[in-house]
Amino acid sequence: MQSSKSLTRDFFARPTLQVARELIGTRLVHLENGRRIAGYILEAEAYIGEADQGCHARAGRTKRTAVMYGQPGFTYVYFTYGMHWLLNLVTEEEGFPAAVLIRSIWSSESVDLISSRREGVPPARWTDGPGKITQAFNIDGSLNGIDVCAPGAEIFLEEGVSIPDSIVTKTPRVGLNSVPEPWKSIPWRFLTQGAALQEILAEDK
DNA sequence: AGCACGATTAACT
DNA sequence: GTTAATCGTGCTC
C-alpha cells in the first residue's frame with residue numbers, strides 16, 4: 001500500500017545518523033516536467049560536521065559547502081571525478097554542516113525513462129550507485145540547494161515502506177581512500193538488500 | 001597561476 | 001584484480 005505523505009523539515013532536522021537510517025525505504029521523487037521519476041532508497045551515508053574528515057565541510061564554509069550550513073531539507077548536489085553528480089540531503093539544525101548521500105535506489109516509477117537513460121544496463125544496475133542515480137533521474141547541479149520540503153518542489157521524498165533493523169546493515173563509508181581514521185572506518189553507511197527486502201518491495205503495489 | 005585529487009563508473013586484464 | 005575518463009574545488013606558490 002503506497003503512502004504519498006511527503007517528508008517534512010522535521011524529518012531532516014535531526015541527528016544525521018538517524019536521518020540516514022530512516023531514509024532507507026523512503027521514496028525519492030524527481031518531478032520532471034510534471035512526470036514522476038521515483039524509487040526506494042536502499043543505501044545512504046552520513047557526513048557529519050567539520051570534524052568528520054570524510055565530509056566536504058572539513059574545509060569549512062566555502063562556496064561549495066555553503067548549502068550544508070543552511071537549513072535541513074535542502075539538496076546538496078555536487079560534481080566529482082570530472083563527470084558525476086552526487087545527490088545529498090542536508091540534515092541537522094541550520095548552521096551545522098551535515099548531509100546524507102543517497103547511494104542506491106530501487107527504481108519504481110517511470111522505469112521506461114530510467115531504462116532509456118541507462119541503455120544496455122540491466123535493471124538491478126540502473127541506480128545502484130550515487131552517480132548512476134543522478135544519471136537515471138536526470139539530476140545535476142541546477143538542482144543544488146533546492147528545498148525538498150517546499151510545496152511543489154522538483155525533488156522531494158515520500159514515506160515508502162518500513163524496513164526492519166534486521167535487514168539494515170551498517171558498514172564504513174565507500175570511497176574514502178585517503179581519509180584518516182577513525183573517519184575512514186566509522187560505520188556511517190546504511191544499506192538494505194536480500195530476499196526479505198524484495199518481498200517488502202513486491203508487496204508495496 | 002598551477003597543481004593534486006576526488007563521497008565514481010565502466011571497461012578493461 | 002587495474003586503470004582511464006575528465007574537471008571543479010581547495011590549497012600552495
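Every heavy atom of this structure was used, including side-chain atoms; hydrogens, water molecules and symmetry mates were not. Naming convention: chains lettered A, B, ... in sequence-line order (proteins, then strands); numbering from 1 in each chain. Just so it is clear, the structure is predicted and the values come from calculations on it, not from any experiment.
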Margin query: Applying a 4.0 Å non-hydrogen cut-off, can you work out what A:N88 is touching in the nucleic acid: base, sugar-phosphate, or nothing?
Written below: base
Checklist line | Cationic N near anionic O, under 4.0 Å, A:E109 to A:R36 | finding: yes
Margin query: What is the separation between atom NZ on A:K184 and atom C1' on B:dA7, rounded to the nearest whole Å?
Written below: 14 Å
Notebook entry, point to check: What is the distance from CG of A:L89 to P of B:dA7, rounded to the nearest Å?
Noted result: 18 Å
Notebook entry, point to check: For C:dT6, what is the paired nucleotide under Watson-Crick or G-U wobble rules, both distances under 3.5 Å?
Noted result: none
Check: Expressed in angstrom and rounded to an integer, what is the separation of A:L176 atom CG from B:dG6 atom P?
Finding: 10 Å
Checklist line | side-chain contact (heavy atoms from CB on, under 4.5 Å) assessment of A:L28 paired with A:L87 | finding: CA-CA 11 Å; A:L28 173 73; A:L87 171 67; 3.8 Å; yes
Check: Of all the choices, B:dA7, B:dT9, B:dG6, which nucleotide is nearest to the side chain of A:Y81 once you look at every atom?
Finding: B:dG6
Margin query: Please identify which of these residues, A:L143, A:I139, A:D140, A:I133, meets the side-chain contact (heavy atoms from CB on, under 4.5 Å) condition with A:W85.
Written below: A:D140
Notebook entry, point to check: Mapping A:V121 and A:R64 to their closest nucleotides on DNA chain B, which lands nearer the 5' end?
Noted result: A:R64
Next item on the list: Using the C1' atom on both, measure B:dC5 against C:dT3 and round to a whole Å.
Entry: 16 Å
Checklist line | Heavy-atom contact window of chain A on DNA chain C, given 5' to 3' at under 4.0 Å | finding: C:dA5 to C:dC11
Item checked: Residues in contact with DNA chain B, drawn from residues 124-135 of chain A - heavy-atom cutoff 4.0 Å -> A:G129, A:P130, A:G131, A:K132
Item checked: Integer-rounded Å distance: B:dC5 C1' and A:R58 CZ -> 10 Å
Item checked: Within 6.0 angstrom of A:R125 CZ, more than 12 heavy atoms from elsewhere -> no
Margin query: Mind checking if A:L86 touches a base, just sugar-phosphate, or nothing, with heavy atoms under 4.0 Å?
Written below: sugar-phosphate
Notebook entry, point to check: Quick one: A:R117 CZ to B:dT9 P, roughly how many Å, whole number?
Noted result: 17 Å
Checklist line | Spacing between A:R173 atom CZ and B:dG6 atom P, to the nearest angstrom | finding: 14 Å
Check: For the atom pair CE (A:M68) and CZ (A:F96), what is the distance rounded to the nearest 0.5 Å?
Finding: 10.5 Å
Next item on the list: With P as the reference atom in both, quote the distance from C:dT6 to B:dG2 in angstrom, rounded to an integer.
Entry: 22 Å
Next item on the list: Check the pair A:V29 / A:L157 against side-chain contact (heavy atoms from CB on, under 4.5 Å), numbers first and verdict last.
Entry: CA-CA 6 Å; A:V29 183; A:L157 289 107; over 6 Å; no
Item checked: A:T26 side chain reached by A:E158 side chain, heavy atoms, under 4.5 Å -> no
Notebook entry, point to check: Ion pair present between A:E22 and A:R14, side-chain N to carboxylate O less than 4.0 angstrom?
Noted result: yes
Margin query: Working note: A:E32 + A:R117, criterion salt bridge (charged side-chain N to carboxylate O under 4.0 Å, His left out); need CA distance, chi angles, decisive distance, verdict.
Written below: CA-CA 14 Å; A:E32 185 181 354; A:R117 288 175 175 154; 2.9 Å; yes
Notebook entry, point to check: Which base sits across from B:dA7 as a Watson-Crick or G-U pair, both distances under 3.5 Å?
Noted result: none
Next item on the list: Rounded to the nearest angstrom, tell me the gap between atom CH2 in A:W85 and atom C1' in B:dT8.
Entry: 14 Å
Notebook entry, point to check: Would A:Y47 pass as stacked on B:dA7, i.e. its ring centre under 5.5 Å from the base's six-membered ring centre and planes under 30° apart?
Noted result: yes
Notebook entry, point to check: Taking the six-membered ring for Trp, are A:Y76 and A:H56 parallel (under 30°), tilted (30 to 60°) or perpendicular (over 60°)?
Noted result: perpendicular
